[in-house]
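Beneath this line is the structure, given in structure tokens, with notes to follow.
Since the model is a prediction, treat every value here as computed from it, not as a measurement.
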Amino acid sequence: MDMDTSKVLDMQLVQCTEVKNSYAMELEGLKRSLQFLEDAGVTVTDLTTDRHSSVKKFMREIYPSINHWFDAWHIAKGITKKLDASSKKKLCHTISPWIHSISNHVYWCGASSDGNAELVVAKWKSVMNHIVDIHEHPFENFPTCAHDELVEDREWIAEGSRAHVEVKSIVTNRTLLADIGKLSPHVQTSSVESYHKVVCFFAPKFLHFFYHSMNARLILAILHFNENSNRQQAKNKAGKEMWQLSFPKAKKGEPVAKQVKVPCTYAYIDELLDEVMARREAIPSYEVARQDLEAQIAPEYVKDQYDKVDKLTVVATRKSRFTQLGI
């Protein structure tokens, strides 16, 4: 997806039988997409993803010229979950009032550092001083907090307390410190998450679709998303922008204001119908259409990778774990 335009540029459908396990599917899809864009003459300068370990290694070794950034939302989400779990431990209740602030600090570190990894890390580490009411730090590139003089009375965490030790173990985690310097300074993957919601509408996860059907539904999702990704905020009769309240599960009852968008448009349907008529005129019969479909290479099904077995034989060998002998 091009984050400047919020348009999906490419989609790759990977079946689990094409890779060694489901964990490798995401990396395989990325490889195909980057190759497709390269073949199409598109130059990729920056890529923002989550912290998938295989993707990190692949980008570092195969595409070192591309700036690989990490999405702040995914990092903040992981940190929030860990802090929330720690706050429930004995003598760690003082962590709770700081969870939201530390999560917001993740976004600020990335947005205010312009891609400077050392500055991001320094700002991130400074939170350990801030939560104990110390606002001067031992970093040359970030010696003091950037906020104004604090006037509100906050519940500071006592330095050296169990709560402080718990937060420190999360904030200074070695893997996190290695990754947080690559926080995306400009764009995030929120539009990709919005696209995934559209995919769930056209291809619900609780239903099974064969390869060609799934591919068609994903293409429909892209057409719909690309046409409606930049809808404007709706206005009422008085000309005021419209808002609605949402209560995300992750916020635990805390309301969030969301823009009310203008209704979706469906101009892509007319184009699809024109393509259907053109294809109908080009293909004279169902048999020719079937042959044309079969010519489109699809990965083999799981059952095709093994020898055919007799169903009655399998049924005869079936045993229930709950079968008991009569008494």
Flag the pair [X] / [Y] as yes when at least one side-chain heavy-atom distance between them is below 4.5 Å, and no otherwise.
{"X": "Leu183", "Y": "Cys109", "answer": "yes"}
{"X": "Leu13", "Y": "Met11", "answer": "yes"}
{"X": "His164", "Y": "Met128", "answer": "yes"}
{"X": "Ile102", "Y": "Ile95", "answer": "no"}

### Query
Does Ala289 have any side-chain contact (heavy atoms from CB on, under 4.5 Å) partners at least two apart in sequence or in another chain, and if so, which?
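Ile283.
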Go through the structure and list residues passing side chain to side chain donor-acceptor pair (under 3.5 Å) with [X], not counting sequence neighbours.
{"X": "Asn228", "result": "Thr265"}
{"X": "Arg32", "result": "Glu18, Glu28"}
{"X": "Gln15", "result": "Thr17"}
{"X": "His68", "result": "Thr49"}

### Task
Among residues two or more places apart or on two chains, list those pairs meeting salt bridge (Lys or Arg N to Asp or Glu O under 4.0 Å) that have a residue in residues 263-276.
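Sorted pair list comes back empty.
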A quick test of your reading: do over 12 heavy atoms of other residues, nucleotides or ligands sit less than 6.0 Å from [atom1] of [X]?
{"X": "Gln35", "atom1": "CD", "answer": "yes"}
{"X": "Arg231", "atom1": "CZ", "answer": "yes"}
{"X": "Glu136", "atom1": "CD", "answer": "no"}
{"X": "Glu140", "atom1": "CD", "answer": "no"}
{"X": "Glu61", "atom1": "CD", "answer": "yes"}

[atom1] of [X] to [atom2] of [Y]: how many Å apart, nearest 0.5 Å?
{"X": "Gln233", "Y": "Lys240", "atom1": "CD", "atom2": "NZ", "result": "13.5 Å"}
{"X": "Phe225", "Y": "Ser6", "atom1": "CZ", "atom2": "OG", "result": "5.5 Å"}
{"X": "Thr48", "Y": "Met1", "atom1": "OG1", "atom2": "CE", "result": "12.0 Å"}
{"X": "Glu193", "Y": "Lys197", "atom1": "CD", "atom2": "NZ", "result": "8.5 Å"}
{"X": "Asp2", "Y": "Asn226", "atom1": "CG", "atom2": "CG", "result": "10.0 Å"}
{"X": "Ser126", "Y": "His105", "atom1": "OG", "atom2": "NE2", "result": "4.0 Å"}

### Query
Does the ring centre of Trp156 sit less than 6.0 Å away from the ring centre of Trp98?
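Between Trp98 and Trp156, the centre distance is under 6.0 Å.
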Grab the two heavy atoms, one from [X] and one from [Y], that are nearest each other, plus how far apart they are.
{"X": "Ser33", "Y": "Asp10", "answer": "OG-OD2, 2.9 Å"}
{"X": "Ala163", "Y": "Thr94", "answer": "CB-OG1, 3.4 Å"}
{"X": "Cys92", "Y": "Arg162", "answer": "SG-CG, 3.8 Å"}
{"X": "Lys235", "Y": "Gly239", "answer": "CD-O, 3.6 Å"}
{"X": "Leu245", "Y": "Ala257", "answer": "CD2-CA, 4.4 Å"}
{"X": "Ser161", "Y": "Ile157", "answer": "OG-CG2, 3.7 Å"}

Cluster check [X], [Y]: I/L/V/M/F/W/Y, side chain < 4.5 angstrom:
{"X": "Leu273", "Y": "Leu223", "answer": "yes"}
{"X": "Val198", "Y": "Val262", "answer": "no"}
{"X": "Val165", "Y": "Ile131", "answer": "no"}
{"X": "Leu119", "Y": "Val106", "answer": "no"}
{"X": "Tyr107", "Y": "Val192", "answer": "no"}

### Verdict with reasoning, Leu177 to Lys125, per side chain to side chain contact (heavy atoms under 4.5 Å, CB included)
CA-CA 9 Å; Leu177 291 180; Lys125 286 183 175 180; 3.9 Å; yes
Does any N or O in the side chain of [X] come within less than 3.5 Å of the main-chain N or O of [Y], such that one atom is a donor and the other an acceptor?
{"X": "Asp114", "Y": "Pro185", "answer": "no"}
{"X": "Lys123", "Y": "Ser112", "answer": "yes"}
{"X": "Thr317", "Y": "Val314", "answer": "yes"}

### Pairs satisfying side-chain hydrogen bond (donor to acceptor under 3.5 Å, both in side chains), at least one member in residues 176-187, at least two apart
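Those involving residues 176-187 are Arg51-Asp179, Lys56-Asp179.
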Kindly list each side-chain donor-acceptor pair under 3.5 angstrom involving residues 206-217, sequence neighbours excluded, with atom names and distances?
| residue | atom | partner | partner atom | Å |
| --- | --- | --- | --- | --- |
| Arg217 | NH1 | Phe202 | O | 2.5 |

Atom pairs and distances, side-chain donor-acceptor, residues 69-85, under 3.5 Å, sequence neighbours left out:
| residue | atom | partner | partner atom | Å |
| --- | --- | --- | --- | --- |
| Trp69 | NE1 | Asp46 | OD2 | 2.8 |
| Asp71 | OD1 | Thr189 | N | 3.1 |
| Asp71 | OD1 | Thr189 | OG1 | 3.4 |
| Asp71 | OD2 | Trp73 | N | 3.4 |
| Asp71 | OD2 | His74 | N | 3.2 |
| Asp71 | OD2 | His74 | ND1 | 2.6 |
| Asp71 | OD2 | Thr189 | OG1 | 3.0 |
| Thr80 | OG1 | Ala76 | O | 2.8 |
| Asp84 | OD1 | Lys88 | NZ | 3.2 |
| Asp84 | OD1 | Lys252 | NZ | 3.2 |
| Asp84 | OD2 | Lys88 | NZ | 2.9 |
| Asp84 | OD2 | Lys252 | NZ | 2.9 |

### Message
Taking ring pair (Phe, Tyr, Trp, His ring centres under 6.0 Å) as the definition, give me every residue that meets it alongside Tyr23, ordered by chain and number, with sequence neighbours left out.
### Response
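Counting only residues at least two positions away or on another chain, Tyr23 forms a ring pair (Phe, Tyr, Trp, His ring centres under 6.0 Å) with His52.
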### Task
Each residue besides Tyr63 in its hydrophobic cluster should be listed here, by chain and number; the cluster joins Ile, Leu, Val, Met, Phe, Trp and Tyr at side-chain heavy-atom distances under 4.5 Å.
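Once heavy-atom contacts under 4.5 Å are chained together, Tyr63 belongs with Leu9, Leu27, Leu30, Leu34, Phe36, Leu37, Val42, Val44, Leu47, Val55, Phe58, Met59, Ile62, Ile66.
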### Task
Before giving the answer on side-chain hydrogen bond (donor to acceptor under 3.5 Å, both in side chains), spell out for Gln259 and Lys261 the whole-Å C-alpha distance, their side-chain angles and the decisive distance to 0.1 Å.
CA-CA 6 Å; Gln259 295 180 347; Lys261 301 289 188 177; 3.0 Å; yes
### Query
Does the pair Leu91 and Lys89 meet the rule for a side chain to side chain contact (heavy atoms under 4.5 Å, CB included), with working shown?
CA-CA 6 Å; Leu91 302 178; Lys89 296 181 180 179; over 6 Å; no
Anything under 3.5 Å between a donor and an acceptor, one on a side chain of residues 142-151, the other on a protein residue two or more places apart or in another chain? List them.
| residue | atom | partner | partner atom | Å |
| --- | --- | --- | --- | --- |
| His147 | NE2 | His130 | ND1 | 3.4 |
| His147 | NE2 | His135 | ND1 | 3.4 |

